[in-house]
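One structure is given here, and the rest of the page talks about it.
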2 protein chains.
Amino acid sequence: MKPEILFRALSDATRLRCLLLMLSEESLCVCEFVHALDLSQPRVSRHLGHLRDLGIVQDERRGQWVHYRLHPDLPGWAHEVLQAVFQARDVADLRQRLAAMPNRPSVSCD
Amino acid sequence: MKPEILFRALSDATRLRCLLLMLSEESLCVCEFVHALDLSQPRVSRHLGHLRDLGIVQDERRGQWVHYRLHPDLPGWAHEVLQAVFQARDVADLRQRLAAMPNRPSVSCD
DNA sequence: TCAATATATACGGACATCCATATATCCATG
DNA sequence: CATGGATATATGGATGTCCGTATATATTGA
């Protein structure tokens, strides 16, 4: 994973918010991202797929749902980068909208 | 400084190498970047100007030369991001080419 | 003031990125 | 196997990014 590649991935607000949410919530399915970020489903799916293709996140199908999480093999420096921005950027609003989502698939699955 | 903005700046190899060099060498003039990175002068100048416009670096004219350094007001999380990537990316080659530059302006100025 | 050096900017083309919309695929369940 | 919900992909247009080349500006010193 070259640094430029990670940074380009983080340079888009949609992808950055997805990653911060994964940092905060471990694993989420697409419809939860859609709800928390308040964006269209194709837009979220495209960005998550992009992050998967780059090896930054990992996807896992659970029946109807596809869950995304940070890739377990992410190098240490990449984790440090994410942790650093996690301090700078408030994610309370994302977590709040996520918590307010009715019938969250992750809740029953976990 | 929004995180997306910093990350977009870091997503270009030319700018990233400039910043890593500044992290390593404190302050350098444009011709030293040109020599160390082995790139054209307009290309280096354009990218340094870009970093200046974003508030990531600071420039200072010293006679004929313009020196660039990391901006002293750079927020802590941005420093942490730079430090994290500093570990991941080898800068020995950059420092080596810089040291091999004949008649370095910075050396006599400092 | 003129020449030389250092740096910045302008221009145009090639290419990448992002989006909304529409549609396709996958899976559970009746 | 038909339906509906969840997810993925395709398409086309608007915009952004990056580059090389050429040229402009600034500074120094003769």
Note: contacts of residues 46-56 of chain A with DNA chain C (heavy atom, under 4.0 Å) are Arg46(A), His47(A)
With sequence neighbours left out, the residues meeting side chain to side chain donor-acceptor pair (under 3.5 Å) with Arg89(B) are Glu4(A)
Within residues 28-38 of chain A, the residues having a heavy atom closer than 4.0 Å to DNA chain D are Cys29(A), Val30(A), Cys31(A)
From CG of Leu10(B) across to C1' of dT17(D) the rounded distance in Å is 16 Å
Applied to residues 22-60 of chain B, the ring-ring contact (aromatic ring centres under 6.0 Å, His included) test, sequence neighbours excluded, yields none
Side chain to side chain donor-acceptor pair (under 3.5 Å) pairs touching residues 72-84 of chain A, sequence neighbours excluded, are none
Taken to the nearest whole Å, CG/Asp12(A) to P/dT15(D) is 17 Å
Residues passing the side chain to side chain contact (heavy atoms under 4.5 Å, CB included) test with Gln41(B), sequence neighbours excluded, are Val34(B), Ser45(B)
Rounded to whole Å, the CZ-C1' distance (Arg62(A) to dT7(D)) equals 15 Å
Same cluster or not: Met101(B) versus Trp65(B), using hydrophobic residues (I, L, V, M, F, W, Y) connected whenever any side-chain heavy atoms lie under 4.5 Å apart? no
Sorted by chain and number, sequence neighbours left out, side chain to side chain contact (heavy atoms under 4.5 Å, CB included) with Gln58(A) holds for Arg69(A), His71(A), Pro72(A)
To the nearest angstrom, the CD-P distance between Gln64(A) and dA8(D) comes to 13 Å
DNA chain D nearest-nucleotide lookup for Asp59(A) and Arg8(B): closer to the 5′ end is Asp59(A)
Residues passing the side chain to side chain donor-acceptor pair (under 3.5 Å) test with Asp59(A), sequence neighbours excluded, are Arg52(A)
Taken in chain and number order and not counting sequence neighbours, the residues that satisfy side chain to side chain contact (heavy atoms under 4.5 Å, CB included) with Ala9(B) are Arg15(B), Leu51(B), Leu54(B), Ile56(B)
note: Arg43(B), atom CZ; dC18(D), atom P; distance rounded to Å ~ 10 Å
Separation of dG20(D) atom P from Gln41(B) atom CD, nearest Å, is 12 Å
So the contacted stretch of DNA chain C, first to last nucleotide with an atom under 4.0 Å from a non-hydrogen atom of chain A, runs from dT17(C) to dA28(C)
When rounded to whole Å, the CE to P distance for the pair Met101(A) and dG5(D) reads 14 Å
By side chain to side chain donor-acceptor pair (under 3.5 Å), Arg61(A) pairs with (sequence neighbours left out) none
Residues at least two apart in sequence or cross-chain that pass side chain to side chain donor-acceptor pair (under 3.5 Å) with Arg97(B), listed by chain then number, are none
Side chain to side chain contact (heavy atoms under 4.5 Å, CB included) test vs Asp12(A) passes for just one of Leu16(A), Leu10(A), Thr14(A), namely Thr14(A)
